[in-house]
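Side chains are part of it too, since the values below use all heavy atoms of this structure and drop only hydrogens, waters and symmetry mates. Naming: A, B, ... by sequence-line order, numbering from 1 per chain.
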Protein chains: 2
Amino acid sequence: MNSLEEVDDFVKNGHRHYLPHLSIDPVIFGYHDQQLKILLLKWKGLNGWGLPGGFIQRREPLSQAAHRILQERTGLESIFLQQFHIFGDSPYRLQERSTSEFRANYGLEVNDDNWLFERTLSVGYFALVDYSKVSVRTDFFTEDYQWWDVKQVPPLLFDQSEVVEKALATLRLQIYHQPIGYNLLPEKFTLPEIHTLYETILGKELDQRNFSKKLVALGLIKKLAEQRAIGPHRSPYLYQFEKEAYEDALKQGIVHTY
Amino acid sequence: MNSLEEVDDFVKNGHRHYLPHLSIDPVIFGYHDQQLKILLLKWKGLNGWGLPGGFIQRREPLSQAAHRILQERTGLESIFLQQFHIFGDSPYRLQERSTSEFRANYGLEVNDDNWLFERTLSVGYFALVDYSKVSVRTDFFTEDYQWWDVKQVPPLLFDQSEVVEKALATLRLQIYHQPIGYNLLPEKFTLPEIHTLYETILGKELDQRNFSKKLVALGLIKKLAEQRAIGPHRSPYLYQFEKEAYEDALKQGIVHTY
DNA sequence: GCAAAAGTGTTAAAGTTACACCCATGA
DNA sequence: TCATGGGTGTAACTTTAACACTTTTGC
């Protein structure tokens, strides 16, 4: 959605294609430089950072809508995506929004009863992606994008800070029940990498020896013959997930602690 | 909503008061006769069993809507209620519904574009209630209600069987993180009662000695001086929850297994 | 006294935690 | 050779799992 005509059509006629009152807000997690990051967009006019949200087509299954929105933004076809909450309590979600601000910001005419400005609840999804494979597209409404360390997320638009917090809390809760390592790391990774990833997500230290001992003992990862050169230090071995064992273990939630 | 005028107004003008495209489906759990039960309504016209759902008012916070709907149905003011999923994938949720069937069943005129017959997604909530305190109200659309053993729930309307299954799965997952015993049992209960409750929810046997040992050792429940007479058998002692210890433990998810 | 349900302790096994030194690498 | 990060094993402790007999009650 880039040309003015497309945008105008979306604003004026979007309600024929999309459900009103309901949007999808995806929290996209990636991992890079030993930091857990989320992808935010800078919204034009609103002049603030927010989630790369979108709307549900009238005849489109909900989960398909979530995948489509993610695909349109990141180019990723098949990603781990999970619904975690629906937000409908925040004061921002109870009010209708001002159309005059919109006119001033974008120079587009809108009626006061335009569908985009009615009360909107939002379904929160979180996505786990391989940071290196994402290529972000911006559009008419978004002038910039940036990966933010979850520890340093700026205040977000509307109630979206709450959405991000809840996504993080859910990620922590589900870390032993979802294929989190599997989706956030590249295919081959080192022990220090996965160790730091888990420490970062949980926000606490995990004993290095116990952590790797357990992952290997459970057969969730296997050591490869290759090593990675990391400069003037000992070269760490590369590991790979044992996909079947990993997914079996997650089903049973076998992996309790490290 | 009992008189024909009220119903007619709801059908024709409901969209001014309620959000279209979105409903709330509560799965109400109770415990009685050593069975985990859910409350179902028999819908008139549709001639089948379904959840006691309702709609969200246009300016009403989502969680407040869920409480209101429950309160209207069960008379309960303060109940444990938790959102667990939003359903928007089922074929039933993608189609608009037939207005002609409605005309035939209820003898009320509706336009084809009536708000009640548009695609509707649904927010699933589960409630844990003290079975003995519920007094159900039926209305124009519902001719009967019944508590059903979760093991013998009949096929439900639309995709609601899926909603109930997901509620049960969530209940099992959260059994060590939510005050489940606290909300499903009366204030005073016996060890065999809480033991059977947990076995029923989890669908598996729990060692009797280990179970009670752990609850008591953690200080979650305390033995009272009273006993309950249960006929020609040894009288079991009554127990009570230690509310603070119980809620602290749940926060940390301390209670792993029994 | 008999049938039915409640109550009670110990032991082996498994899992978790704590902890420190040597190794490999490139500059 | 030095600075930096990687790799490895053992022992104490905690938690869990398995298991059977005696007591109480009302008829």
Applying side chain to side chain contact (heavy atoms under 4.5 Å, CB included), can you list everything that pairs with [X], at least two apart in sequence or on another chain?
| X | result |
| --- | --- |
| A/Q146 | A/W49, A/W148 |
| A/K213 | A/N210 |
| A/E193 | A/F189, A/T190, A/R228 |

When the distance from [atom1] of [X] to [atom2] of [N] is rounded to whole Å, what number comes out?
| X | N | atom1 | atom2 | result |
| --- | --- | --- | --- | --- |
| A/E193 | D/dG7 | CD | P | 10 Å |
| A/H195 | D/dG5 | NE2 | C1' | 13 Å |
| A/K204 | C/dT16 | NZ | C1' | 12 Å |

### Query
Would you say a side-chain N or O of A/K223 is under 4.0 Å from OP1 or OP2 of D/dT8?
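Indeed, a polar side-chain atom of A/K223 lies that close.
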
### Query
Reckon A/K213 has a side-chain N or O less than 4.0 Å from the OP1 or OP2 of D/dT8?
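False: A/K213 side-chain N/O out of range (4.0 Å or more) of D/dT8 OP1/OP2.
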
### Query
5'-most contact on DNA chain C: A/Q208 or B/R209, nearest heavy atom basis?
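Per heavy-atom nearest nucleotide, the more 5' residue is B/R209.
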
### Query
Any idea which of D/dC19, C/dG7, C/dA18 is nearest the A/D207 side chain?
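For the A/D207 side chain, the nearest candidate turns out to be C/dA18.
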
### Query
Mind checking what makes side chain to side chain donor-acceptor pair (under 3.5 Å) contact with B/H67, not counting sequence neighbours?
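Here no residue qualifies.
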
### Message
For residues 25-42 of chain B, which residue pairs pass the salt bridge (charged side-chain N to carboxylate O under 4.0 Å, His left out) check, not counting sequence neighbours?
### Response
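Salt bridge (charged side-chain N to carboxylate O under 4.0 Å, His left out) check on residues 25-42 of chain B returns B/D25-B/R93.
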
### Task
Specify the residues of residues 224-235 of chain A, ordered by number, for which at least one heavy atom lies under 4.0 angstrom from an atom of DNA chain C.
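Those residues are A/G231, A/P232, A/H233, A/R234, A/S235.
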
### Query
Should B/E162 and B/K166 count as an ion pair when the cut-off is N to O under 4.0 Å?
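Result for this pair is no, no salt bridge flagged.
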
